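Below is one structure; the comments refer to it alone.
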Amino acid sequence: MSPKIQPRVPRGMRDILPQKMLQRQYVIGQVEKVFQRFGFEPLQTPVLELREMLMGKYGEDAEKLIYDAKHREGKEDLSLRYDLTVPLTRVVAMYPELVKPFKRYQIAPVWRAERPQKGRYREFYQCDADIVGSKSMLADAEIVTMIYTVLEALGFKSFVTKINNRKILTGIGQYAGAPNEMLGGLYRSIDKLEKIGVDGVREEMAKAQIPTKVIDRIMELVALPPNAFGELRELMGNVPAAMDGLDELEQLATFLGDSGVPRANYQFDFSMVRGLAYYTGPIYETVVTEPKIGSLTGGGRYDELIGLFMNQSIPTTGTSFGIERIIDVMDELAMYPASIGKTVTQVFVTVFNRDLIGVSMRVANALRAAGINAELALDADGLGKQLKYAAAKAIPFALIIGPDENAAQQATLRDLASGEQTLIAQSELANAWKRGT
RNA sequence: GUGGCCAUAGCUCAAUGGCAGAGCGUCUGACUGUGGAUCAGAAGGCUGCGGGUUCGACACCCGUUGGCCACCCCA
């Protein structure tokens with residue numbers, strides 16, 4: 001025999017075992033239900049894209065994290081998808097016949113070669129919902145409303161969706177007189193406001209050789225309290241880009257006021273920055289305040305991205321839920337409903353002895369035909385062993401059909417949590433379930 | 001990509017440079033129509049991997065891989 005190979009998975013990737021999968025399926029199911037309730041349709045795309053589809057979309061830093069996946073003898077340069085947004089824009093450009101506004105959702109894995117940490121993996125699922133073909137701020141309001149509805153459905157209480165506008169950030173740069181090449185670093189510093197405070201941001205900017213005068217002007221704007229539309233408008237009255245952005249956000253604010261989303265769950269925050277290069281309008285990011293695990297959702301408007309694939313550009317907005325982080329938070333806060341069990345099996349049908357295999361099998365199949373998840377013992381081991389197995393798998397009930405029960409056409413139903421047992425006619429088992437076991 | 005901490009039985013962790021251990025879990029039996037409790041017993045290890053120092057390394061040194069944490073960035 002050849003020497004054994006250490007079984008391992010690639011760095012930052014993991015197996016998800018059945019009990020965890022049940023939780024995941026619950027979370028994904030909830031998200032999907034809300035997506036559909038808002039009129040989004042499912043889409044699937046290949047995990048591999050032609051490399052050139054992905055290049056030049058995310059910005060230089062992000063591009064370094066893209067995995068290449070070319071076959072040894074392949075003629076095409078392929079990469080694992082980095083997100084679901086660029087594949088969407090590719091689809092929209094390829095199928096002009098799609099009815100607009102095109103609303104699609106996609107729940108699928110993406111790959112980023114980052115250094116793994118808690119809540120950060122190299123292979124992770126994103127749940128995206130986007131609206132293609134609407135310039136209206138109502139589309140953005142729908143996205144923000146949906147973010148709230150999804151998180152609320154999952155049981156989150158203390159979360160805030162922060163809203164800003166790329167145009168305002170651009171305006172801030174212009175207003176402060178910051179040279180273009182400094183803008184990227186500038187935004188990154190601004191984004192840390194909440195984390196390192198006003199002084200921390202100033203310090204970082206000073207270190208980056210940004211003139212004090214520029215810093216002063218920026219901080220004057222960025223340090224404004226949330227939702228301070230009036231002050232911002234006054235200060236930046238002569239910066240057209242900022243005015244456009246403010247107009248958009250004020251419209252969005254009006255729509256959100258009528259949306260039913262509680263005021264505590266969204267906030268206009270002029271210091272929130274999103275890194276991806278393609279955003280052009282409103283941007284969103286949701287953070288939970290309880291355990292600090294980074295952002296749970298991120299998104300925004302990217303009106304020009306589709307234009308990279310076709311002559312005509314199509315205004316688009318949407319968001320992405322980071323389901324891995326959502327799950328990590330839900331684990332930490334034990335947010336799963338009791339109905340999410342540790343197994344899908346509802347009843348374990350024991351096999352008393354070889355002679356009674358056929359009886360147990362018929363009973364199991366009858367239950368299955370009635371829509372009940374029934375597992376059949378595969379060995380006529382001692383009853384003790386079979387019950388132990390069922391208990392270890394956390395199956396709620398066991399059925400015992402020995403010679404006595406079978407002679408009377410009955411079965412013993414054992415509640416494995418309480419130990420309580422009841423005799424039920426074999427023909428009545430499925431009905432007993434429907435009445436609520 | 002930069003820096004720090006860590007890696008011993010399935011899990012949680014011990015072991016002055018001197019015989020690799022405990023608790024929990026697993027398996028078997030006491031219990032041939034019933035899991036959890038109790039008791040008795042058993043299995044389980046190239047101490048992540050590769051070098052080095054040493055009479056002797058789980059321990060010290062170097063490298064490497066992986067995990068975690070902080071940056072960077074991000075879902």
Side-chain angles (χ1 to χ4, degrees), chain A residues 3-14 17 27 31 58-65 82-85 107-128 147 151 184-185 187-189 191-192 195-196 200 204 272-277 284-288 292-300 319-329 348 350-353 356 377 380-407 411-421 423:
Chain A
K4 300 234 164 49
I5 298 164
Q6 246 329 292
R8 312 193 300 124
V9 292
R11 183 169 201 198
M13 306 193 186
R14 60 251 154 87
L17 300 180
V27 173
V31 173
Y58 303 107
E60 213 179 306
D61 289 345
E63 228 159 68
K64 287 185 203 147
L65 304 177
Y82 177 86
D83 69 1
L84 302 175
T85 304
I107 299 173
V110 303
W111 291 266
R112 298 182 186 179
E114 289 189 277
R115 188 116 157 202
Q117 260 182 58
K118 196 185 196 70
R120 172 189 292 188
Y121 309 95
R122 289 185 158 190
E123 175 184 61
F124 63 98
Y125 270 67
Q126 285 195 327
C127 307
D128 278 31
I147 291 171
L151 293 177
Y187 294 148
R188 274 196 290 277
S189 299
D191 197 29
K192 289 184 205 158
K195 201 168 177 183
I196 62 180
E204 209 178 289
M272 190 271 286
V273 177
R274 305 236 74 231
L276 292 181
Y284 344 102
E285 184 168 291
T286 309
V287 293
V288 246
K292 282 207 149 165
I293 195 160
S295 49
L296 256 39
T297 82
T319 194
S320 176
F321 291 78
I323 200 166
E324 315 296 350
R325 285 187 183 171
I326 289 175
I327 286 170
D328 282 348
V329 174
F348 184 78
T350 61
V351 168
F352 193 85
N353 60 32
L356 289 168
D381 291 322
L383 260 191
K385 200 167 174 186
Q386 296 185 44
L387 291 174
K388 198 169 178 175
Y389 167 84
K393 278 193 72 174
I395 298 171
F397 294 95
L399 269 179
I400 299 158
I401 310 158
D404 297 346
E405 286 95 341
N406 196 45
T412 296
L413 179 68
R414 181 179 178 85
D415 181 329
L416 287 169
S418 66
E420 201 177 309
Q421 300 198 153
L423 269 175

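What you are looking at is a predicted structure, and each value in this text was computed from that prediction instead of being measured. Naming convention: chains lettered A, B, ... in sequence-line order (proteins, then strands); numbering from 1 in each chain.
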Protein-nucleic acid N or O pairs under 3.5 Å, nucleotides 44-50 of chain B:
none

Please give me the minimum heavy-atom distance between [X] and [Y], naming the atom from each residue.
X      : Y      : answer
A:W111 : A:E123 : NE1-OE2, 3.1 Å
A:L65  : A:Y82  : CB-CE1, 4.0 Å
A:R11  : A:R122 : O-CD, 3.2 Å

- [ ] With A:E324 as reference, evaluate A:R120, A:R14, A:R112 under the salt bridge (Lys or Arg N to Asp or Glu O under 4.0 Å) test and give the passing residue.
- [x]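 That would be A:R14.
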
What contact category does [X] fall into here, base, sugar-phosphate, or nothing, at under 4.0 angstrom with non-hydrogen atoms?
X      : value
A:D404 : base
A:E114 : base
A:F321 : nothing
A:F352 : base

For [X] and [N], give me the distance from atom [atom1] to atom [atom2], rounded to whole Å.
X      : N     : atom1 : atom2 : result
A:L65  : B:G1  : CG    : P     : 10 Å
A:R120 : B:A75 : CZ    : C1'   : 9 Å
A:Q117 : B:G1  : CD    : P     : 14 Å

Open item on the list: Quiz question: going by heavy-atom distance under 3.5 Å, is there a donor-acceptor pair between the base of B:G33 and the side chain of A:E405?
Closed with: yes

- [ ] With the side chain of A:L276 defined as its heavy atoms from C-beta on, choose the nearest nucleotide among B:G35, B:A75, B:C72.
- [x] B:A75

- [ ] Compare the minimum distances between each of B:G33, B:C72, B:A75 and the side chain of A:K195, then state the nucleotide with the smallest one.
- [x] B:C72

Strictly under 3.5 Å: I want the nitrogen or oxygen pairs between protein and nucleotides 36-41 of chain B, one per line.
unit_1: B:G36; atom_1: O6; unit_2: A:R414; atom_2: NH2; d: 3.2
unit_1: B:G36; atom_1: N2; unit_2: A:L416; atom_2: O; d: 3.4
unit_1: B:G36; atom_1: N2; unit_2: A:A417; atom_2: O; d: 3.2

Might you list the N or O atoms of the protein lying below 3.5 Å from N or O atoms in nucleotides 4-7 of chain B, with each pair's distance?
none

TODO: Could you tell me whether the side chains of A:D83 and A:Y58 share a donor-acceptor contact shorter than 3.5 Å?
DONE: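 A:Y58 and A:D83 do have a side-chain donor-acceptor pair below 3.5 Å.
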
Task: Pairwise P distance, B:G23 and B:G66 [rounded to whole Å] - done: 35 Å

Task: Close side-chain approach of A:F348 and A:L387, heavy atoms under 4.5 Å - done: no

Open item on the list: Does any part of the side chain of A:L151, heavy atoms only, come nearer than 4.5 Å to the side chain of A:I326, both counted from C-beta?
Closed with: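 Result yes, sub-4.5 Å side-chain heavy-atom pair found.
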
Compile the donor-acceptor pairs under 3.5 Å between side chains in residues 391-405 of chain A and protein atoms, sequence neighbours left out, one pair per line.
unit_1: A:K393; atom_1: NZ; unit_2: A:E375; atom_2: OE1; d: 3.1
unit_1: A:E405; atom_1: OE1; unit_2: A:G402; atom_2: N; d: 2.9
unit_1: A:E405; atom_1: OE2; unit_2: A:T412; atom_2: OG1; d: 2.6

Task: Along RNA chain B (nearest heavy atom to each residue), the more 5'-positioned of A:G402 and A:G322 - done: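 The answer here is A:G402.
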
Each nucleotide N or O in nucleotides 65-67 of chain B that has a protein N or O under 3.5 Å away: list the pair and distance.
unit_1: B:U65; atom_1: O2'; unit_2: A:R8; atom_2: NH1; d: 3.3
unit_1: B:G67; atom_1: OP1; unit_2: A:G12; atom_2: N; d: 2.9
unit_1: B:G67; atom_1: OP2; unit_2: A:R11; atom_2: NE; d: 2.8

Open item on the list: Does a side-chain N or O of A:Q421 approach OP1 or OP2 of B:U34 to a distance below 4.0 Å, or not?
Closed with: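 Answer is no, no contact under 4.0 Å.
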
Open item on the list: Please confirm whether the shortest side-chain N or O distance from A:K385 to OP1 or OP2 of B:U34 is below 4.0 Å.
Closed with: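 No, because none of the side-chain N or O atoms of A:K385 sits under 4.0 Å from OP1 or OP2 of B:U34.
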
Open item on the list: Looking at B:A75 and A:F124: do their rings stack (centroid distance under 5.5 Å, interplanar angle under 30°)?
Closed with: yes

TODO: Would you confirm whether A:Q386, through its side chain, and A:V351, through its main-chain N or O, come within 3.5 Å as a donor-acceptor pair?
DONE: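 Present.
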
Open item on the list: Only Watson-Crick and G-U wobble pairs with both distances less than 3.5 Å should count. Give RNA chain B in dot-bracket notation, marking inter-strand partners with |.
Closed with: (((((((..((((....[..)))).(((((.......))))).....(((((..]....))))))))))))....

